[in-house]
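Predicted model, so just to flag it, every value in this text is computed and none were measured. First listed ligand is number 1; within each ligand, the first listed atom is number 1.
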Amino acid sequence: MRRCEGPGCCVFFVQHHPRRRYCHVSCAHRDRQARSHRRRVSATTPGAAAAAPGLA
Ligand SMILES: [Zn+2]
């Protein structure tokens with residue numbers, strides 16, 4: 001079992017694929033948008049983007 005990494009989502013799901021991180025594609029979409037938004041916000045602070053996890 002694995003917990004969905006989607007923002008505001010705390011659904012536990014069976015991880016059929018080792019790289020799967022979300023219970024649903026909508027969660028992946030939301031998280032991607034949140035990440036890009038955060039990156040835009042933290043673009044003025046050097047090092048913040050490098051410290052952001054899960055970008056690889
Ligand atoms: Zn989810």
Side-chain angles (χ1 to χ4, degrees):
M1 292 291 273
R2 186 176 166 87
R3 187 170 165 175
C4 177
E5 294 184 16
C9 183
C10 49
V11 170
F12 282 85
F13 63 99
V14 181
Q15 195 177 20
H16 293 292
H17 193 279
R19 293 193 60 169
R20 190 172 176 198
R21 291 152 53 193
Y22 310 97
C23 68
H24 194 266
V25 285
S26 64
C27 281
H29 193 71
R30 252 187 315 181
D31 194 34
R32 195 163 57 203
Q33 290 198 320
R35 282 176 198 277
S36 66
H37 180 69
R38 264 204 302 272
R39 208 161 39 230
R40 234 173 293 145
V41 168
S42 63
T44 50
T45 52
L55 289 177

Between [X] and [Y], what is the shortest heavy-atom contact and its length?
X   : Y   : value
C9  : C23 : SG-SG, 3.9 Å
R30 : P7  : NH1-O, 3.9 Å
Y22 : A28 : CD1-CB, 3.3 Å
P18 : Q15 : O-NE2, 3.1 Å

*May I ask you to test the R21-D31 pair for a side-chain heavy-atom distance under 4.5 Å?*
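They are in contact (side-chain heavy atoms under 4.5 Å apart), so the answer is yes.
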*Mind checking whether C27 and E5 have side chains closer than 4.5 Å, heavy atoms only?*
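Side-chain contact under 4.5 Å: no.
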*Everything protein-side that's N, O or S and under 2.8 Å from the Zn ion (ligand 1): list it, residue and atom.*
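Near the Zn ion (ligand 1), below 2.8 Å, one finds C4 SG, C9 SG, C23 SG, C27 SG.
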